[in-house]
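Being a predicted model, the structure only gives us computed values, none of them experimental.
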Amino acid sequence: MSAEGDLRVVRTLDELAELVERHHGLYVRWSRGPETDLREVSSTDDLTGVSLPGLSASPLGVEDWWEDRPVRVWVARRLYDYAHLPHDKGPGVRPWVLTGTEAARGPDNEPLVTDVRPLCWIHQRAIDEAQAEVARQANPWGPLRRS
């Protein structure tokens with residue numbers, strides 16, 4: 001069985017928020033998937049081409065300062081930040097959740113994760129719900145997309 005074939009799919013933003021509430025040390029990675037990424041467990045800095053000592057990922061864990069605010073909004077924001085990557089990086093790029101050990105920080109201060117254990121894919125419906133949740137917030141805000 002492949003790493004991808006074993007993964008369940010989280011279909012909604014609420015389901016992902018519940019996962020984040022139950023488990024610590026979760027990350028989201030936007031890529032072609034664990035089967036591809038786990039061959040070398042290394043990312044590449046797009047600007048310089050430097051090989052990085054781990055997979056670049058975004059932490060999903062809620063920070064203490066967030067206090068009792070909705071985890072759903074926290075997770076929506078974490079997904080929204082990088083929802084442009086499938087368009088920018090090409091076909092087959094989609095988000096998946098993993099656990100692992102933060103080995104270093106990348107050039108954008110992102111965690112570089114080793115000892116990776118894939119947990120689940122994130123369905124497009126959850127991404128759509130995240131974008132809608134961010135749109136409902138009071139203040140204008142944008143993704144981390146660079147031109």
Are T12 and R125 close enough that some pair of their side-chain heavy atoms sits under 4.5 Å apart? yes
Look at [X] together with [Y] and state whether they make a salt bridge at an N to O cut-off of under 4.0 Å.
| X | Y | answer |
| --- | --- | --- |
| E35 | R32 | no |
| R11 | E15 | no |
| E133 | R72 | yes |

[X] to [Y] - nearest heavy-atom pair and separation:
| X | Y | result |
| --- | --- | --- |
| V113 | G100 | CG1-CA, 3.6 Å |
| G33 | W96 | CA-NE1, 3.7 Å |
| D45 | P107 | OD1-CG, 3.4 Å |
| V41 | L38 | CG2-O, 3.9 Å |

So, does [X] use its side chain to make a donor-acceptor pair with the main chain of [Y] at under 3.5 Å?
| X | Y | answer |
| --- | --- | --- |
| T48 | V50 | yes |
| T101 | A103 | no |
| E129 | L13 | yes |

Q. What about Y82 and V10, same hydrophobic cluster or not, with Ile/Leu/Val/Met/Phe/Trp/Tyr joined at side-chain heavy-atom distances under 4.5 Å?
A. yes
query: When hydrophobic residues are tied together by side-chain contacts of less than 4.5 Å, even through go-betweens, does L112 share a cluster with L26?
result: no
Could you tell me the separation between the [atom1] atom of [X] and the [atom2] atom of [Y], rounded to the nearest 0.5 Å?
| X | Y | atom1 | atom2 | value |
| --- | --- | --- | --- | --- |
| L98 | D115 | CG | CG | 11.5 Å |
| R94 | I127 | CZ | CD1 | 11.0 Å |
| L19 | D14 | CG | CG | 12.5 Å |
| L119 | L60 | CG | CG | 10.0 Å |

Tabulate below the donor-acceptor pairs under 3.5 Å that side-chain atoms of residues 51-59 make, not counting sequence neighbours, or state none.
residue: S51; atom: OG; partner: S42; partner atom: OG; Å: 2.9
residue: S56; atom: OG; partner: R29; partner atom: NH1; Å: 3.3
residue: S56; atom: OG; partner: S43; partner atom: OG; Å: 3.4

Is R117 atom CZ crowded by more than 12 heavy atoms from other residues, nucleotides or ligands, each under 6.0 Å away? no
Those residues at least two apart in sequence (or on a different chain) that pass ring pair (Phe, Tyr, Trp, His ring centres under 6.0 Å) with W74 are W65, W66
Both conditions, 6.0 Å and 45 degrees, for the charged tip of R8 above the ring of W121: are they met here?
no
Between R77 and the options D81, V73, L79, the side-chain contact (heavy atoms from CB on, under 4.5 Å) test singles out D81
